[in-house]
Amino acid sequence: MYMDVIIAGFGGQGVLLIGDLLALTAMNEGRNVTWMPSYGVEMRGGTANCTVVVSSERIGSPITGAPCSVIAMNPPSLAKYEPMIEPGGLLVANRSFIRPEDSSRDDIDRIFVPTSEIAFEIGDGRLASMVALGAFIEKTSVILLENAI
């Protein structure tokens, strides 16, 4: 089993939290993981991304040039990382900020989730990242949803 994902958005959207939770849960489930964050100098509002690799085998590198999946939380992240997804891969996009017509790929599986709207419906807009993570877990089964708490 091997899955790599780039998670990207602007600071404050919980991008690093998504990656951290995914990596920690996979590790607790007994898999090998890497988590590599990257963010700008701005605390909130700057760009942020992280790469998570989950594997049943040893991981040679935390860097990926053609990820299996991308979680894009804002339009600049979609523009930067969607072209990198391997054919047949997965895009989970935040429909609260990204329109389906902004996506140019027809050779990948694309899921557009209104993460902010769902987060507000359940009581806290800050949970948009967790909504995106839930959609990713549901689609990929990379970890067990009940363990991601």
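- Sorted by first then second residue, the side chain to side chain donor-acceptor pair (under 3.5 Å) pairs that include residues 18-33, not counting sequence neighbours, are E29-R31, E29-N147.
- Between atom CG of residue L24 and atom CG of residue L17 there is a gap of 9.5 Å, rounded to the nearest 0.5 Å.
- Contact of the V142 side chain with the M1 side chain is registered, since non-hydrogen atoms from C-beta on lie closer than 4.5 Å.
- Within a 6.0 Å radius of CD in E57, other residues, nucleotides and ligands contribute 12 heavy atoms or fewer.
- F120 and V113 fall into different hydrophobic clusters, where Ile, Leu, Val, Met, Phe, Trp and Tyr residues are linked whenever their side-chain heavy atoms come under 4.5 Å apart, directly or through other members.
- By the 4.5 Å heavy-atom criterion applied to side chains, S116 and F97 are counted as neighbours.
- Qualifying salt bridge (Lys or Arg N to Asp or Glu O under 4.0 Å) partners for E101, counting only residues two or more places apart in sequence or in other chains: R99.
- In this view, N49 and A8, S38, Y81 satisfy the side chain to side chain contact (heavy atoms under 4.5 Å, CB included) rule, not counting sequence neighbours.
- The distance from the CG atom of D102 to the CZ atom of F112 is 7.5 Å, given to the nearest 0.5 Å.
- A continuous path of ILVMFWY side-chain contacts below 4.5 Å connects M27 to L16, so both sit in one hydrophobic cluster.
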>> With side chain to side chain contact (heavy atoms under 4.5 Å, CB included) as the criterion, how do T34 and T51 come out once you've worked through the C-alpha distance, each side chain's angles and the decisive distance to 0.1 Å?
In response: CA-CA 8 Å; T34 62; T51 302; 5.9 Å; no

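- Among pairs with a residue in residues 68-79, those fulfilling side chain to side chain donor-acceptor pair (under 3.5 Å) read N74-S77, at least two apart in sequence or across chains.
- Grouping Ile, Leu, Val, Met, Phe, Trp and Tyr by side-chain contacts under 4.5 Å, direct or through others, puts I59 with Y2, V53.
- In terms of heavy atoms, A26 sits closest to V33 at CB-CG1, 3.5 Å.
- M36 shares a hydrophobic cluster with I63; the chain of contacts runs through ILVMFWY side chains whose heavy atoms sit under 4.5 Å apart.
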>> Using the rule given for side chain to side chain contact (heavy atoms under 4.5 Å, CB included), can you reason through N94 versus Q13, listing the C-alpha separation, both sets of side-chain angles and the distance that settles it, and then say yes or no?
In response: CA-CA 11 Å; N94 178 2; Q13 283 188 299; 3.9 Å; yes

Pairs under 3.5 angstrom only: tabulate donor-acceptor contacts from the side chains of residues 128-136 to other protein residues two or more places apart or in another chain.
none

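- The two residues W35 and A23 come nearest to each other via the heavy atoms CB-CB, 4.0 Å.
- For the pair I98 and A93, the tightest heavy-atom approach, listed with the atom from each and the gap, is CD1-CB, 4.1 Å.
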>> Would L145 and I143 count as a side chain to side chain contact (heavy atoms under 4.5 Å, CB included) here? Give the steps.
In response: CA-CA 6 Å; L145 185 60; I143 59 173; over 6 Å; no

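- C50 and G19 get closest at one heavy-atom pair: SG-CA, 3.7 Å.
- Of the inter-residue distances, the one linking I7 atom CD1 with L22 atom CG reads 6.0 Å to the nearest 0.5 angstrom.
- With sequence neighbours left out, the salt bridge (Lys or Arg N to Asp or Glu O under 4.0 Å) criterion links D107 to R105.
- Of the listed residues (V5, L91, I6), just one forms a side-chain contact (heavy atoms from CB on, under 4.5 Å) with P67, and that residue is I6.
- The CE atom of M3 lies 9.0 Å from the OG atom of S141; values are rounded to the nearest 0.5 Å.
- Residues passing the side-chain hydrogen bond (donor to acceptor under 3.5 Å, both in side chains) test with S103, sequence neighbours excluded: E82, R110.
- With hydrophobic clusters built from ILVMFWY side chains whose heavy atoms lie under 4.5 angstrom apart, L144 does not share a cluster with V52.
- Expressed to the nearest 0.5 Å, how far CG of L90 lies from CD1 of I71 amounts to 8.0 Å.
- The salt bridge (charged side-chain N to carboxylate O under 4.0 Å, His left out) contacts involving residues 111-137 comprise D124-R126, where partners must be two or more places apart or lie in separate chains.
- Every side-chain hydrogen bond (donor to acceptor under 3.5 Å, both in side chains) that K139 has, sequence neighbours left out, goes to D109.
- Note that the CD atom of E86 and the CD1 atom of I108 stand 10.5 Å from one another [nearest 0.5 Å].
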